[in-house]
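Notes for the one structure printed next.
Residues take their numbers from the sequence shown, with the count starting at 1.
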Amino acid sequence: MNKNIKDLTGNNYGKLTVIGFAYSDKGKTYWNCYCDCDKDEPQEKRKVCVKLGKYLQDGSTSSCGCKRREHAKEISQHSNKKPRTNKPYYSQLRNIWGTLINRCHNPKYKGYKYYGAKGIFVCNEWRDNFEAFYDWAIKHSYTSGLEINRLDQSRNYMPDNCEWMPKGVSSANTCNNILMKIGNKEQSLAAWSRDPECEVCYSTIRERYHKGIKGIALIKKKKPFKDSIYTYKRKTQTFKEWSMELNISIITLRNRFKRGYKGNKLFSHN
Ligand SMILES: [Zn+2]
């Protein structure tokens, strides 16, 4: 910790108690805090939250977020909105999230030496906001029994570096290490997902790979039917152009094409 930084350790701000310096970034100082809401838990189970010093001192942060959640719960009880706790996997993901924060940002946590101590952190977006982590998890097909894996073990816990995989599967067996040649370039699927040529996210690539899709189709967005090209009577153009030229609706063409019709049968007028 820089000598110019005023040490807030031990101070109380609302329900928060500062337990130590977390890090500073762009002149801002962040602090590890305990919140009173889990003060009855054994210490190793207590959640550490990271708060901006400025907000602690000016009073705009006074809890881990539990005050806001309680308030939201009160509101939802008085309205028809379903409480957040009915969301699928909510408490499981909450525990996973808590573990990530602890292993990366709580020096007292047993796994800290493998993560935080080695400079592996949880990105700001997830650290400050469980909902952001939750939304990412659900969008990326979280179900029970999966654990979070970092694609690049030297990078942080952050949306574009994480995936869900079955517990106990060594990361050596993941698509992280599957090499794929597309054009003249050969690299891992994870590296392809970060390639400027890639138009889809890693989980899409992985899903396609497991369906047996190879090559350029792995990394490009699927074209809408109307923009895909078709050759008929030695002429090649998009289905939209065929539709206009032959005056057959695009929906009719798409339905016929899906049924496997070709050539004259595809373009007939009855
Ligand atoms: Zn709290």
Side-chain angles (χ1 to χ4, degrees), residues 1-75 84-85 90-137 147-150 152-162:
M1 189 173 77
N2 186 315
K3 274 182 193 155
N4 298 326
I5 296 172
K6 189 185 161 205
D7 191 2
L8 304 183
T9 306
N11 290 2
N12 293 305
Y13 301 98
K15 296 171 86 172
L16 296 170
T17 304
V18 179
I19 54 170
F21 175 74
Y23 63 100
S24 56
D25 181 29
K26 292 173 192 140
K28 290 175 177 161
T29 315
Y30 294 82
W31 299 86
N32 291 322
C33 304
Y34 280 146
C35 180
D36 280 349
C37 63
D38 62 0
K39 65 171 185 277
D40 298 329
E41 295 283 334
Q43 194 176 50
E44 69 275 11
K45 282 200 174 164
R46 290 192 68 180
K47 191 176 66 221
V48 175
C49 50
V50 178
K51 297 294 178 188
L52 181 60
K54 180 173 169 258
Y55 289 165
L56 289 168
Q57 291 176 291
D58 72 11
S60 48
T61 301
S62 59
S63 82
C64 65
C66 56
K67 277 186 172 175
R68 201 170 52 229
R69 283 191 299 277
E70 268 167 26
H71 183 63
K73 207 168 143 193
E74 267 168 36
I75 291 172
R84 297 295 261 175
T85 45
Y90 199 82
S91 60
Q92 284 178 30
L93 285 165
R94 182 99 203 169
N95 289 339
I96 292 172
W97 178 76
T99 304
L100 294 189
I101 308 267
N102 268 323
R103 58 161 77 138
C104 294
H105 300 281
N106 178 4
K108 289 182 179 145
Y109 192 75
K110 57 184 185 316
Y112 179 80
K113 59 179 177 230
Y114 304 113
Y115 298 92
K118 290 188 173 172
I120 303 298
F121 300 123
V122 178
C123 70
N124 287 334
E125 185 193 353
W126 285 355
R127 190 170 46 207
D128 297 343
N129 184 359
F130 167 67
E131 302 297 329
F133 175 75
Y134 178 86
D135 290 344
W136 173 86
E147 63 187 2
I148 194 161
N149 175 50
R150 277 169 304 132
D152 180 339
Q153 297 292 318
S154 68
R155 293 171 73 225
N156 291 338
Y157 284 101
M158 54 205 275
D160 72 349
N161 193 41
C162 288

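Side-chain contact check for Y23 and D25: no donor-acceptor pair (N or O, by modelled atom type) lies under 3.5 Å.
Ring-centre distance between Y109 and Y114: not below the 6.0 Å cut-off.
Note that the CD atom of Q57 and the CG atom of N11 stand 8.0 Å from one another [nearest 0.5 Å]. Separating the CG atom in L16 from the CG atom in N32 is a distance of 11.5 Å, to the nearest 0.5 Å. Once rounded to the nearest 0.5 Å, the distance linking SG of C49 with CG of N106 reads 11.0 Å. Between N102 atom CG and E44 atom CD the span is 10.0 Å, to the nearest 0.5 Å. Rounding to the nearest 0.5 Å gives a distance of 10.5 Å between CG of L8 and CZ of F21. Taking CD from Q43 and OH from Y34, the interatomic distance works out to 4.0 Å, rounded to the nearest 0.5 Å.
Annotation for Y55: atom OH does not count as buried by contact number, only 12 or fewer foreign heavy atoms lying within 6.0 Å.
Counting only heavy atoms from C-beta outward, the side chains of S63 and C37 never approach each other to under 4.5 Å. Counting heavy atoms from C-beta outward, D128 and F133 have side chains that stay 4.5 Å or more apart.
Looking at every heavy atom in both residues, I19 comes nearest to T9 through O-CG2, 3.7 Å. In this structure, K51 and C64 approach most closely via the heavy-atom pair NZ-O, 3.6 Å. Of all the heavy atoms in N156 and G119, the pair that sits closest is OD1-O, 3.6 Å.
H105 places a side-chain N or O within donor-acceptor distance of the main-chain N or O of V122, the cut-off being under 3.5 Å. A donor-acceptor pair under 3.5 Å is formed between the side chain of R150 and the backbone N or O of R155.
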Check against side-chain contact (heavy atoms from CB on, under 4.5 Å), Y13 and C33:
CA-CA 10 Å; Y13 301 98; C33 304; over 6 Å; no
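Listed by first and then second residue, the salt bridge (charged side-chain N to carboxylate O under 4.0 Å, His left out) pairs that reach into residues 96-120 come to none, sequence neighbours excluded. Among pairs with a residue in residues 26-40, those fulfilling salt bridge (charged side-chain N to carboxylate O under 4.0 Å, His left out) read D38-R46, at least two apart in sequence or across chains.
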Contacts under 3.5 angstrom, residues 92-101 side chains, donor-acceptor by atom type, not counting sequence neighbours:
from	atom 1	to	atom 2	distance (Å)
Q92	OE1	Y142	OH	2.8
Q92	OE1	S144	OG	3.3
Q92	NE2	S144	OG	3.1
W97	NE1	W126	O	2.8
T99	OG1	N95	O	2.9

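Taking the six-membered ring for Trp and thresholds of 30 and 60 degrees, Y115 and Y157 have ring planes inclined between 30 and 60 degrees apart.
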